[in-house]
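All values reported here derive from a predicted model rather than from experimental measurement. Throughout, protein chains are lettered first and strands after them, A, B, ... in sequence-line order, and every chain is numbered starting at 1.
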Number of protein chains: 2
Amino acid sequence: MGTATLADVAREAGVSMATASRVLNGGERKVAQEYRDRVLAAAARLDYTANLAAQATARGLSTTVTLVLPDITDPYFSMIAMGVSEAAEEAGLITTMALTRRDAEREVHLVRSLRGQRPRVIVLAGSRQRSGHMNAELERELEAYVGIGGRPVFLSQSTTPYPSIDFRNEQAGRELATAVHGLGYRRMLVLGGPTGLVTTEERVAGLREGAAACGAPIPDDLVLACDLSRDGGYATIAALPEEVLEHVDLVLAISDVIAIGAMTALRDRGLRVPEDIAIAGFDDVPAARDAVPPLTTVRLPLVEAGRAAVHVALQDGRPPASLAGTVVLRESTPQR
Amino acid sequence: MGTATLADVAREAGVSMATASRVLNGGERKVAQEYRDRVLAAAARLDYTANLAAQATARGLSTTVTLVLPDITDPYFSMIAMGVSEAAEEAGLITTMALTRRDAEREVHLVRSLRGQRPRVIVLAGSRQRSGHMNAELERELEAYVGIGGRPVFLSQSTTPYPSIDFRNEQAGRELATAVHGLGYRRMLVLGGPTGLVTTEERVAGLREGAAACGAPIPDDLVLACDLSRDGGYATIAALPEEVLEHVDLVLAISDVIAIGAMTALRDRGLRVPEDIAIAGFDDVPAARDAVPPLTTVRLPLVEAGRAAVHVALQDGRPPASLAGTVVLRESTPQR
DNA sequence: TTGAAAGCGCTAACAG
DNA sequence: CTGTTAGCGCTTTCAA
């Protein structure tokens, strides 16, 4: 019951297993219409479902896309997950996910044990470390993975020979800085997220370049590192000396989550947003719209990026182009 | 390269495949220490990783937990996903996820094709329909799944003979209504989410009961259905006739996401929150803390529920107890 | 305890 | 175009 196998279907249809396999799971036409129909009918009658595990054993690769990501609870990644899952499904693949909890070492172990699943594609989401000591390890694991026919893709930078989908972080930063400068902001503070991550450093660099180009350079001591989370933004603003904040008219956070935490902290310090101090973020996660005031940000095609990752992996021809962001001005940065 | 098989390990260690299998993937003690060491050493030397697909073929079941959920982008579900993934990992299982896009029919198809993966556990997240025509279909699929040794669990109600993890939605509703009544609110409006869903109806019922018990019953025409999303909350409030809103001092949304959308809509209508109208939600997703003003809600142990689901499925002894919520009062419902 | 050998369900040459 | 027949890598009786 519930366990009809290919052999059962073949017998029921009066054909060989090979033929049954060809019509049920094989590629395109190659079987006479009559046989095809008989097999299909038998399969339906028996409620046949292919045993994917057996298929994977025989083929050497499973029909799975594995998404490795730091934290599914972060909207940045859940958007990406959405895209990966959509594209995988369209390609007839199943999505598996594994969480690294933002731990590079764990990521390597994960890739190692995931290899056992024989996924067709592994999408590694989350920014790479500029010079992680795990990078080499990771590359070794991926080599082994490629050895069995798998295709790794990075979603945001590759520190390896394998392809990646990238965002134009620097450009986005420049554009945002330029846009807010145009609005009249001159004394900006940057909440730069963790140092060492490629993504955050690119964004910070872009912001500073943009501001500098407009004649309002951001001094080093106004570029603050913080945890890549709501709490990171909150804590950093909360701990800031009064005199620093007094001279600032705009906080530029390198992610919306950080910005949202920062906004709450600003308010908890008795400052009005945006009257006393304005704020902007990056990513345009859904929560940015519901922030009060709504958050100025750079919209990144997150879902699309997830989709692109699996496409690039599947048809490895396509050259991975980097994805641009769009500045979205909202009330958190009014004309000043 | 990267493709050491059990046979390779056995040969390298000078033992039979059976022995190698026993030490590497089998249960506990049964192999002499010396052999055990030799196998382990050989495996390490060869960088052996078990082929999970082959294992699943041989065993009939894979080492996978499959999570079926409506939308990973919704924080309610991403919290649950977090818990499932954690517990699965602790049990040495891999988590797979599939998105239904809130479509019951799709859910059934998904379960059907997921069956092919032979997951050890399938967690079906998301509220059941009170009387969905797909319920019977779903049950049929699950029967087949159980037939191959799988274990289904529902996360929020079971319309089938299989276990479920439940929240005490009604009780939570009663407590919330009672709490806000204690704060001085008397004329409440309910944003009840979609009708037909068990969860939403339970919450609505609880709220109404609680309010009624306090002597401030909520009339039928102040219980509004809406989409289970931020936009659902926004749209419903936006479309409300002025005279209805005038008589309301508190909006009770059956989810935080709805509440957050509603809050924005209220504000867009020129109302002050909470001065003119207060608001509360359900779930206590992270965004509730960052809402302005911070949102009163009922905290539900979402991550914990996800964990419980896999535990219940794995050791089917434990009787699935239902999980209680805790009212969390914040500034969106000040003493009035 | 250990090993030989028969599968698990499916695929993919290779003939016919 | 169809069927025969080896595997795929691992598990698991069953004897030794």
For residues 73-92 of chain B, dump all side-chain donor-acceptor pairs below 3.5 Å to protein atoms at least two apart in sequence or in another chain.
unit_1 : atom_1 : unit_2 : atom_2 : d
B/D74  : OD1    : B/Y76  : N      : 2.8
B/D74  : OD2    : B/R102 : NH2    : 3.1
B/S78  : OG     : B/P75  : O      : 3.3
B/E86  : OE1    : B/R307 : NH1    : 2.6
B/E89  : OE1    : A/R101 : NH2    : 3.3
B/E89  : OE1    : A/R106 : NH1    : 3.3
B/E89  : OE1    : A/R106 : NH2    : 2.6
B/E89  : OE2    : A/R106 : NH1    : 2.5
B/E89  : OE2    : A/R106 : NH2    : 3.4
B/E90  : OE1    : B/R307 : NH2    : 2.8
B/E90  : OE2    : B/R307 : NH1    : 3.4
B/E90  : OE2    : B/R307 : NH2    : 3.2

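Evaluation of the side chain to side chain donor-acceptor pair (under 3.5 Å) rule for A/S156 yields no partner, not counting sequence neighbours. Considering only residues two or more places apart in sequence or on other chains, B/R59 meets the side chain to side chain donor-acceptor pair (under 3.5 Å) condition with none of them. Under the salt bridge (Lys or Arg N to Asp or Glu O under 4.0 Å) criterion, B/D8 pairs with B/R11, sequence neighbours left out. For A/T159, the side chain to side chain contact (heavy atoms under 4.5 Å, CB included) partners two or more places apart in sequence, or in a different chain, are A/R128, A/N135. Residues satisfying the side chain to side chain donor-acceptor pair (under 3.5 Å) criterion with A/Q55, sequence neighbours excluded, are absent altogether. In this structure, the side chain to side chain donor-acceptor pair (under 3.5 Å) partners of A/D37, at least two apart in sequence or on a different chain, are A/Q33. Taking A/E141 as the reference, A/R112, A/R115 meet the salt bridge (Lys or Arg N to Asp or Glu O under 4.0 Å) condition, with sequence neighbours excluded.
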Next on the checklist: I need a per-nucleotide contact map over nucleotides 9-16 of chain D, read 5' to 3'. Cutoff is protein heavy atoms under 4.0 Å; write B for the base, S for backbone only, - otherwise.
Outcome noted: BBBB----

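The shortest side-chain heavy-atom distance between B/L69 and B/L99 falls under the 4.5 Å cut-off.
First and last contacting nucleotides of DNA chain C toward chain B (any atom under 4.0 angstrom from a heavy atom, 5' to 3' order): C/dT1 to C/dC8.
Across the helix from C/dT1-D/dA16 to C/dG16-D/dC1, the helix axis at one end is tilted relative to the axis at the other end by 30° (nearest 10 degrees, each axis from five pairs).
Counting only residues at least two apart or on different chains, the side chain to side chain donor-acceptor pair (under 3.5 Å) pairs with a member in residues 13-25 of chain B are B/S16-B/T19.
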